Amino acid sequence: MGGGNEEVVKMTKVKVRFAPSPTGPLHIGGARSALFNFLYARRYGGELVIRSEDTDVERSRREYEDEIIESLEWLGINWDEGLKVGGANGPYRQTERADMYQELVDDLVDRGLAYPCFCTEEELEEERKQLLEQGEIVRYRGRCRNLSEEERRARLAQGIKPAIRLQVPPGRVYVVEDLVRGNVVFESDTMGDFIIMKSDGLPTYNFAVVIDDHLMGITHVIRAEEHLSNTPRQLAVYEALGFTPPKFAHVSLILGKDRQKMSKRHGATSVIQYRQRGYLSEALVNFLALLGWAPEGEEEILTLDDMINSFSLDRVAKNPAVFDIDKLNYINQQYIKQKTISELKEALRPFIAESPYADRVQKLGEDKYGLLVEGIRDYLVCLADVKENLSIFFDDPDYTPEAVEVLRQEGVGQVLDACQERLPDSFTQFDEAKKFLKTLIKETGFRPKMVYMPLRAAFTGLTRGLELPYLMSVWGSDECRRRLELARQQLPG
RNA sequence: GGCCCCAUGGUCAAGCGGUUAAGACACCGGCCUUUCACGCCGGUAUCAGGGGUUCGAAUCCCCUUGGGGUCACCA
């Protein structure tokens with residue numbers, strides 16, 4: 001493994017980037033791209049740049065940029081240069097780099113490699129429609145390419161603001177050297193002259209990305225596969241500008257259950273949403289890494305450091321991956337179980353704070369809160385699940401038919417009586433409650449099952465759930481008594 | 001539609017010409033346990049189809065089929 005890549009990596013210092021456009025929260029797919037870039041940089045001792053591609057003035061918003069940064073930080077992805085941290089190649093927002101692009105566009109126009117296009121949206125639409133009907137390649141055919149100087153001046157005089165198009169050389173072949181896909185060949189004749197600068201004076205993506213990557217010294221462009229088809233356009237820009245292209249690596253997309261590109265229809269698609277549902281960042285990162293990358297060993301539960309130490313583009317898959325929430329859930333549970341009780345107590349606080357049980361948990365005190373957390377730990381798939389578990393502790397039981405059935409069994413009344421009679425004045429420990437139940441069984445001679453099940457049903461209204469001693473010790477004797485009374489109403493006769 | 005990418009179980013995937021085709025999730029069964037969950041043990045299940053190349057193909061080539069991406073004054 002390794003092969004050619006490794007050599008390039010050794011010769012030049014790796015510098016990668018993640019360049020989201022701030023038109024929405026950080027998407028799961030974007031997060032994975034960011035992660036792969038991060039892992040690649042750290043693995044090879046390189047640098048990661050984060051910049052903002054905000055040339056779509058309509059849709060870009062500064063709040064989204066902040067949100068994306070927050071999500072990246074939450075995931076544990078840090079960077080060496082760019083937004084927030086600054087660096088020698090700034091600014092890191094494309095709208096703030098407008099003059100750089102302008103200068104290069106002017107140069108291309110002067111050299112006859114680009115030209116102003118005065119076509120209206122309607123004209124372009126018409127052309128597209130015609131080509132489509134004729135079954136031809138849909139592309140710009142260069143109507144404005146050969147306008148004379150007078151014609152250009154005339155249109156300018158009419159106040160028409162032109163867009164600038166790159167003159168794409170005909171009959172050429174562009175080869176994208178892709179580290180995960182190998183060489184991918186495109187013919188220049190299929191792309192037509194495309195716009196590099198919009199009439200608002202801002203560059204288009206295919207132009208700006210090239211300049212930024214070049215000026216920032218990016219050596220490897222790792223991004224989603226949806227960009228693969230655009231890469232030849234960028235190669236044309238590199239060529240016109242006389243820049244050397246970086247290495248590319250196009251990672252396949254993340255799909256929903258129906259094998260369509262992940263979208264809102266599939267439920268939560270942003271990092272923020274997963275955070276809010278109580279997925280741990282370590283778990284999300286671990287899961288995302290496994291979507292498209294395979295570690296060498298059999299162990300799949302990996303920390304960020306584990307991944308940094310073994311990440312390689314050679315082990316990145318070419319085929320798209322379906323987002324499997326079951327697996328994420330499993331991984332999240334693994335991380336929850338790995339946490340110490342005190343870590344988990346902290347992690348759970350925000351989720352409890354927004355539940356209806358905040359006050360009651362508060363009143364419990366730290367020791368009992370710890371007991372509660374210990375009791376529910378194995379029942380949490382994600383942190384937000386704490387809410388339902390809290391309900392068992394704090395809400396009055398809502399007896400299920402199964403529970404009622406258990407309570408109506410012969411002899412249950414005696415069990416409840418015996419329990420009530422022997423309840424000590426207080427429990428404060430799990431062990432005390434556990435011992436109490438054992439003693440109850442021993443002294444009364446009831447079968448264990450005839451004690452545990454009815455008591456569970458009586459206390460919680462359910463026939464399943466966490467261990468009774470946790471519940472009892474958190475409640476204390478008075479609450480246990482109160483619940484026994486409640487349960488009596490469900491008894492026959 | 002043109003161009004491009006992709007194709008191993010339900011899902012993520014290992015595999016890079018010779019393997020009993022790993023592993024994980026999910027599912028099913030068993031054990032543990034006061035129940036459920038956790039945990040442990042075990043099981044079902046995959047090379048899309050067709051042609052080649054080869055002594056030998058999941059692995060290489062071609063076609064078909066299927067899925068996806070892209071063709072914007074969005075990124």
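The structure displayed is predicted, hence computed values, not measured ones.
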Let's see if you can work this out: which of C74(B), U70(B), C25(B) has an atom nearest to the side-chain heavy atoms of Glu226(A)?
U70(B)
Starting from C1' on C38(B), measure out to CG on Asp378(A) and report it in whole angstrom.
4 Å
Could you label the plane-to-plane angle of the His227(A) and Tyr205(A) rings as parallel, tilted or perpendicular, counting under 30° as parallel and over 60° as perpendicular?
tilted
If you assign each of Arg128(A) and Arg181(A) to its closest nucleotide in RNA chain B, which residue comes earlier from the 5' end?
Arg181(A)
Is Lys129(A) close enough to G1(B) that one of its side-chain N or O atoms is under 4.0 Å from OP1 or OP2 there?
no
Scan Ser60(A) against the nucleic acid and name what it touches under 4.0 Å (heavy atoms): base, sugar-phosphate only, or nothing.
nothing
Does a side-chain N or O from Thr204(A) land closer than 4.0 Å to OP1 or OP2 of C74(B), or not?
no
At under 4.0 Å, does any side-chain N or O of Tyr330(A) touch on OP1 or OP2 of C25(B)?
yes
If the cut-off is 4.0 Å, is Lys198(A) near the phosphate of C74(B), judged by side-chain N/O to OP1 or OP2?
yes
With heavy atoms under 4.0 Å as the rule, sort Leu253(A) into base, sugar-phosphate or nothing.
sugar-phosphate
Does any N or O donor sit under 3.5 Å from an N or O acceptor when you compare the side chain of Tyr379(A) with the base of C36(B)?
yes
How many whole angstroms separate atom CG of Leu131(A) from atom P of A72(B)?
10 Å
Considering every strand and a 4.0 Å limit on heavy-atom distances, what is the contact class for Glu225(A): base, sugar-phosphate, or nothing?
base
Answer yes or no: does a side-chain N or O of Asn389(A) lie under 4.0 Å from OP1 or OP2 of A37(B)?
no
Quick check for you: among U70(B), A24(B), A75(B), whose closest atom lies nearest to any side-chain atom of Lys261(A)?
U70(B)
Tell me whether the side-chain N/O atoms of Arg377(A) come closer than 4.0 Å to OP1 or OP2 in A37(B).
no
Can you tell me if Asn286(A) uses its side chain to pair, donor with acceptor, with the backbone of Leu302(A) under 3.5 Å?
yes
Met453(A) has a side chain; which of C73(B), U35(B), G2(B) sits nearest to it?
U35(B)
Mind checking the CD-CZ spacing from Gln234(A) to Phe207(A)? Nearest 0.5 Å is all I need.
12.0 Å
For Asp326(A) and Glu53(A), take the nucleotide of RNA chain B holding the closest heavy atom to each; which residue's nucleotide lies nearer the 5' end?
Asp326(A)
Test your reading of the model: is there a side-chain donor-acceptor pair from Ser310(A) to the backbone of Asp306(A), 3.5 Å cut-off?
yes
Tell me whether the side-chain N or O atoms of Asn230(A) pair up with the base of A75(B) as donor and acceptor below 3.5 Å, since no angle test is needed here.
yes
Tyr379(A) six-ring face occupied by Arg377(A) cation (under 6.0 Å, within 45°):
no
Glu300(A) (side chain) and G23(B) (base): donor-acceptor pair under 3.5 Å
yes
Taking any strand in view, what nucleotide pairs with A13(B) in a Watson-Crick or G-U wobble way, both distances under 3.5 Å?
none
Between G69(B) and Ser229(A), counting only base atoms on the nucleotide and side-chain atoms on the residue, is there a donor-acceptor pair under 3.5 Å?
yes
